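Working notes, structure below.
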Amino acid sequence: MLAKRIIPCLDVTAGRVVKGVSFVELRDAGDPVEIARRYDEQGADELTFLDITASSDDRGILFRIIEQVAEQVFIPLTVGGGVRQVEDVRNLLNAGADKVSINTSAVMNPQLVADAAARYGSQCIVVAIDAKQVVPGKWEVFTHGGRKATGLDAVEWARKMQGLGAGEILLTSMDRDGTKSGFDLALTRTVTDALEIPVIASGGVGNLQHLVDGVKLGGADAVLAASIFHYGEYTVQQAKQYMAQQGIEVRL
Amino acid sequence: MVDIAVVDYGMGNLRSVQQALRTVAPGASIAVTDDPHEVAQAARVVFPGQGAMPDCMRELDARGLRAAVLQAARSKPFLGICIGLQMLFEHSAEGNIPGLGVLPGKVVRFASNLHDEQGNKLKVPHMGWNQVHRNIDGHPLWQGIPQDARFYFVHSYYVQPQDNVLVQATSCYPQPFTCAVARDNLFAVQFHPEKSQSAGLTLLRNFVKWNPV
């Protein structure tokens, strides 16, 4: 049967992998190409790169990183951050990305998701949703790296993105991101139950049980984590072995 | 004349396929091409595909590639990948259109209300790493790949060959579906060997040195 995916996430700025708490206070974690290769060797199922500054100066650096990784790592690569037009999607795919993640620009211009999916196929269009709880059982979509409220309901927004052709949803809880207190399981469960397309749970992983909970309780199709892998607390393989022991189907 | 032609009909991104082939065949000349003559001349042909099959068929014809692909599928080592597998069949439920008709059978969609044994909803597209179970052993393209090795899939439709003798391997979601077919010089897979790490590279390495009789 299909395995649940474990996806290390590399937040990249100025050619380095960094990690912050709730989208601020960045800490250096190393060279992206080296880290990507290490996670591939450890059995990562996919890799996600997010260009967190997405400034034009850094764009060239990001392209070179993706090119280098794609030459050495033969698992799906998702790249996001600063994708504003169909041409940005094309450029990232040409650099070696297999999927492109669209976040803020999907809110500014939902047609971008439809156009990109029509042009390159839903399989390579991931819509990233940064969600924050407003009241229990209700979440709002935020953009611009979590700084800007949109007034959009996260569940309705995810459904709309599915309808426009998104192949997958990368769902980040901003309340949990960087806190190491576990996924927002209610958010994950609510969104995954509302959709036909796969959902990647993100934000808050601090230990291996959190990954298990994301799948078993949250119903996620894939789980994404950053800092637990970056700082050597756990290898991807350890994470998979633990999940397998808990009865989750993984690729070992 | 190139060693390997990757048929490029303008749908999606072929860089991953090209990169993986370069890795397994460093000495070979590889062309990602929409030129029917180059496809016709190549020693081997890789026929990938992404997106929706109606668009793929339309773009293939718009570039005048149909004849060259049909000829290659009948005459030289030929590897179909994903939609490149589906297009070989007679008919697809996606857009309710005819395919190339190289192989008898059809392409159908996964049902939308699938559940696993625990009652969890199974998403469509079928996306991720699934086990590939070989029904028959001995095809040279599987050499060095363990039974039930996992490959990376992303698709909402799958092929139903009319003749079971074509079926090389199946995968389960949750019911078994055909994920690899072979006939003579032709081999085609639903999964993405170019994105399936060591198992995928092994299959591609086997393909670039495959000499079907």
Side-chain angles (χ1 to χ4, degrees), chain A residues 1-7 40-41 43-46 66-67 69-77 89-90 92-100 117-124 126 162 165 167-169 192-200 215-216 219-222 247-252, chain B residues 10-20 22-24 49-53 55-56 82-83 110 112-114 116-131 148-156 171-176 192-202 204:
Chain A
M1 268 300 287
L2 185 66
K4 298 294 180 183
R5 290 171 281 152
I6 288 82
I7 308 176
D40 174 50
E41 280 163 14
D45 295 312
E46 295 187 27
I66 300 307
E67 282 168 8
V69 172
E71 282 168 13
Q72 304 169 47
V73 170
F74 297 97
I75 58 176
L77 308 176
V89 175
R90 188 190 66 198
L92 286 170
L93 293 175
N94 284 339
D98 299 288
K99 308 182 196 180
V100 171
R119 183 68 191 83
Y120 295 105
S122 291
Q123 83 289 338
C124 67
V126 180
Q162 170 178 276
E168 197 171 24
I169 298 292
T192 197
D193 282 353
L195 300 183
E196 298 302 319
I197 58 176
V199 172
I200 306 166
V215 170
K216 284 196 164 175
D221 301 284
I248 295 173
E249 184 113 8
V250 291
R251 176 178 74 107
L252 285 171
Chain B
M11 284 299 295
N13 170 40
L14 304 178
R15 190 180 161 108
S16 295
V17 176
Q18 183 186 22
Q19 193 63 60
R22 265 194 207 139
T23 303
V24 299
Q50 283 181 349
M53 186 162 141
D55 298 333
C56 290
C82 195
I83 308 290
F110 285 113
S112 54
N113 55 350
L114 299 174
D116 67 12
E117 289 155 1
Q118 285 82 43
N120 296 309
K121 183 153 91 177
L122 293 178
K123 302 298 182 66
V124 177
H126 169 236
M127 184 188 288
W129 298 78
N130 207 336
Q131 289 169 302
D148 298 319
R150 286 185 188 273
F151 287 82
Y152 185 80
F153 289 80
V154 50
H155 62 122
S156 300
S171 205
C172 290
Y173 198 64
Q175 299 302 314
H192 289 270
E194 76 279 12
K195 284 285 132 186
S196 297
Q197 222 209 13
S198 55
L201 293 180
T202 303
L204 292 174

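Chain letters run A, B, ... following the sequence lines, proteins first, then strands; residues in each count from 1. This is a predicted model, so every value here is computed, not measured.
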Okay, B:Gln197 and chain A: the region with an atom under 4.5 Å from a heavy atom over there is both
When rounded to the nearest 0.5 angstrom, what distance separates CZ in A:Phe74 from OG in B:Ser16? 8.5 Å
I need the B:Tyr152 OH to A:Arg5 CZ distance, nearest 0.5 Å. 5.5 Å
Bottom line for B:Tyr173: the part with an atom under 4.5 Å from chain A's heavy atoms is both
Sequence-distant partners of A:Asp98, salt bridge (charged side-chain N to carboxylate O under 4.0 Å, His left out), two or more places apart: B:Lys195
Where is the tightest heavy-atom contact between A:Ile197 and B:Pro125, given as atom of each residue plus distance? CG2-CD, 4.0 Å
State, with a plain yes or no, whether a side-chain heavy atom of A:Lys99 is found less than 4.5 Å away from one of B:Met127. yes
Who among A:Arg251, A:Glu46, A:Gln72 has the most heavy-atom pairs with chain B under 4.5 Å? A:Arg251
Would you mind checking which part of B:Ala20 comes under 4.5 Å of any heavy atom in chain A, side chain (CB onward), backbone (N, CA, C, O), both or neither? both
Any donor and acceptor pair, going by atom type alone, linking the side chain of B:Lys121 with main-chain N or O of A:Glu196 inside 3.5 Å? no
Locate the shortest heavy-atom distance separating B:Thr23 from A:Glu71; write the atom from each residue and the value. OG1-O, 4.3 Å
Structural part of A:Ala95 lying under 4.5 Å from a heavy atom of chain B: backbone
Okay, A:Val73 and chain B: the region with an atom under 4.5 Å from a heavy atom over there is backbone
Proximal component of B:Ser196, with respect to chain A [non-hydrogen, under 4.5 Å]: backbone
Heavy-atom pairs under 4.5 Å with chain A - which of B:Glu117, B:Gln18, B:Arg15 has more of them than the others? B:Arg15
By side-chain hydrogen bond (donor to acceptor under 3.5 Å, both in side chains), B:His155 pairs with (sequence neighbours left out) B:His126
Under a 4.5 Å heavy-atom cut-off, does chain B meet the side chain of A:Gln162, its backbone, both or neither? neither
The interface call for A:Ala97 against chain B, heavy-atom contacts under 4.5 Å, is backbone
Output yes when A:Glu249 and B:Arg150 qualify as a salt bridge under the 4.0 Å nitrogen-oxygen rule, no when they do not. yes
Go through the atoms of A:Asn94 and report whether side chain, backbone, both or neither lie under 4.5 Å from a heavy atom of chain B. both
Max heavy-atom pair count under 4.5 Å with chain A, selected residue of B:Val154, B:Leu201, B:Asn113, B:Asp148: B:Leu201
Between the side chains of B:Lys123 and A:Thr192, does any donor sit under 3.5 Å from an acceptor? yes
With a 4.5 angstrom heavy-atom cut-off, could you sort out which part of A:Asp40 is near chain B: side chain, backbone, both or neither? both
Which bit of B:Leu122 comes within less than 4.5 Å of chain A, counting heavy atoms only: side chain, backbone, both or neither? side chain
Run the side-chain contact (heavy atoms from CB on, under 4.5 Å) test on A:Ile75 and B:Trp129 for me, step by step, so that the C-alpha distance in whole Å, both residues' side-chain angles and the decisive distance to 0.1 Å come before the verdict. CA-CA 10 Å; A:Ile75 58 176; B:Trp129 298 78; 3.7 Å; yes
